[in-house]
Amino acid sequence: MSYKLSEGALEVIMNGGHYDKPVMQILGNKKIQGSGANERFRLLVSDGKHSLSFAMLATQLNDKLKTGELRVMILLEITILAPGSEVGKKLGNPQTWSEDSAQAPAPATMTPAPKANTRPPPAVKPTFNPQLDSSMLSSQMTHPIASLSPYQNKWVIKARVMNKSGIRTWSNARGEGKLFSMDLCDDSGEIRATAFKNECDKFYDMIEVDKVYYISRCILKAANKQFTSLKNDYEMTFTADTVVSECMEDASTVPSVKFDFVPISEIANKSPDSLLVRNTFTKGHIMILDMIGVCKSAADVQELTAKSTGKLLKKREVTLVDSSGGAGARLTEFNGSKSLSCLSSTMVRLNPDLPETHRLRGWYDNGGADCDIVNISARSGAYGGVSGEWVTFAEAEARQLGAGERGDYYSLLGALTFTFSDNAVYKACPQEQCNKKLLDQENGLYRCEKCNREYPNYKYRLLLGANVSDPTGDQRVTAFNEAAESMLGKTAAEIGQMFEYDKAAYSQLFEEVKFKTFVFKFRTKMETYSDEARLKTTVMSATPVDYKDANARLVKSIKALSGVEV
DNA sequence: CCCCCCCC
């Protein structure tokens, strides 16, 4: 049996023409990406005259590839005329198809399958010119960003610059250089583009945020998901051939940046752990979000040195009120205090012309400025720490509180299950700032090792060991003077007197406080004693329970857990 | 080819 291929059909198709029901030979195939629904195969096809490897069996590109400069051949439907095992050989002597190999122009449309000996008709004027320059670009021939892949390098996108970084330089073992990057979007999707060295110089000034550009001839590669929160599996790199041209006509079809503003009140309830992006630099989880707010106050610029890198840093704290703004700020939590940080990718826009801005301005100017604001960055007490939030022992453990360098602070509603009366009170140095335990010289004088002095007098101080329980667990804690006074309900002086003169009352006191409930503020830190790591938890304060407040918290957590209004 | 996102 002989096989008739549609000789010349590839040339017609690749020049933008139409060829009805071409007969081709499939010389090979390659799985190119994805799996499941994204599975896609690239075929090497031959019409006997030319062969072409840019043929894809695709689904999602079908409706998107409406452009005139069809460079990828998409096989929508094929009928197998004969299996390869039967054909057994490559038909004809196909040459790899390229623009240059198309000598003759073809008509834009060519219907029924040509007879075997018909010479292919002349091709239409190529729509894609190797000497492409920006003046040739127009909306008529653009590709959706979502269709870009490393397997197809002849494309033009019409994209809006959402975001542009500053120029950054680097120097490492592999060399040095500079770069800037930008995030581009169109109505199909978004992609990160990076311009290195020469291209950095060439395009940096030209690229402006919010403008729309035609861009072509970049290299595409897989995006490293660790470093981007954009929804694209690929990212692009500018090359020496890259062409960028500002779109001067109607750009309204290209969407502008879409913000998904998170109100501050919602940020309060968000945890950076409900991660959108895993931050590999700090081993923690970060959440990237958009917010819009009125800057109510701004602190001076502070200079500090990063502990980890020794790098000199600058920071400036600003207070934003009400709803939320900016783009891609980083949510962090430090001892319960929430804050947003700007990343290098963060775009800060002043008075953006958005409905949300006007709404916020209206709110602020009409009393919002004077509103009582819940400060979600507040740290409780003088110690820093939890912003009023109560955690349980189970949560404290789950959050690994205390594992860090500096220790963590948290509040907890719990009961004293045991207090250790032994050595709970001691004679301390009478000096105001010195609370060192005195050594009894047995001669009416007491020696302070710290002050290197002897005193005839002393003051009583407390150092109380206790167990605290909550419904999820318990913890051995230590309470120093003031916290211990709160727990025992007596002053150190009173307790000292009891210890000296009324041992029974003293013992009774420690019995009485058993199962008393307090709101504790703890500082906890992992410490190592003879190679054994142990959590050292100190009571910073113990206050009686305000049950109205406790109830409100309970109601709030029931709501949060159940989603039901109570 | 970068890939840093820090501090209390």
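Heavy atoms only: backbone and side chains are in, while hydrogens, waters and symmetry mates are out. Chain letters run A, B, ... following the sequence lines, proteins first, then strands; residues in each count from 1. Please read these numbers as outputs of a predicted model, since none were measured by experiment.
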At what distance, to the nearest 0.5 angstrom, does CE of A/Met206 lie from CD of A/Glu208?
9.5 Å

Residues touching DNA chain B, which here means a heavy atom under 4.0 Å, drawn from residues 197-207 of chain A
A/Lys197

Cut-off 3.5 Å, side chains only: do A/Thr239 and A/Asp241 have a donor facing an acceptor?
no

Minimum heavy-atom distance between A/Ala542 and A/Met487, given as atom pair plus value:
CB-CG, 3.5 Å

With a sphere of 6.0 Å drawn around CZ of A/Arg534, does it hold more than 12 non-hydrogen atoms of other residues, nucleotides or ligands?
no

Tell me the interatomic distance from A/Asn163, atom CG, to B/dC5, atom C1', rounded to whole angstroms.
14 Å

For the pair made of CZ in A/Phe196 and C1' in B/dC2, what is the distance, rounded to whole Å?
5 Å

Quick one: does A/Asn481's side chain have a donor or acceptor within less than 3.5 Å of a partner on A/Ala484's backbone?
no

ring-ring contact (aromatic ring centres under 6.0 Å, His included) with A/Tyr364: which residues, sequence neighbours excluded?
none

Take atom CG of A/Leu463 as the centre, draw a 6.0 Å sphere, and report whether it contains more than 12 heavy atoms from other residues, nucleotides or ligands.
yes

Check A/Met162 against A/Glu190 and note the closest heavy-atom contact, atom names and distance.
CE-OE1, 3.6 Å

Roughly how many Å is it from CG in A/Asp183 to C1' in B/dC2, rounded to a whole number?
14 Å

For DNA chain B, what residues of residues 169-182 of chain A have any heavy atom nearer than 4.0 Å?
A/Trp170, A/Asn172, A/Arg174, A/Leu179

Other residues, nucleotides and ligands only: do more than 12 of their heavy atoms fall within 6.0 Å of CD on A/Glu356?
yes

Please give, in whole Å, the distance from B/dC2 C1' to A/Phe238 CZ?
15 Å

Quick one: A/Leu312 CG to B/dC4 C1', roughly how many Å, whole number?
15 Å

Is the base of B/dC8 touched by the side chain of A/Glu317 through a donor-acceptor pair closer than 3.5 angstrom?
no

Just to be sure I understand the rule, does A/Glu303 reach a base, reach only the sugar-phosphate, or reach nothing, if contact means heavy atoms closer than 4.0 Å?
nothing

Distance test, side-chain N/O of A/Arg192 to OP1/OP2 of B/dC3, below 4.0 Å
no

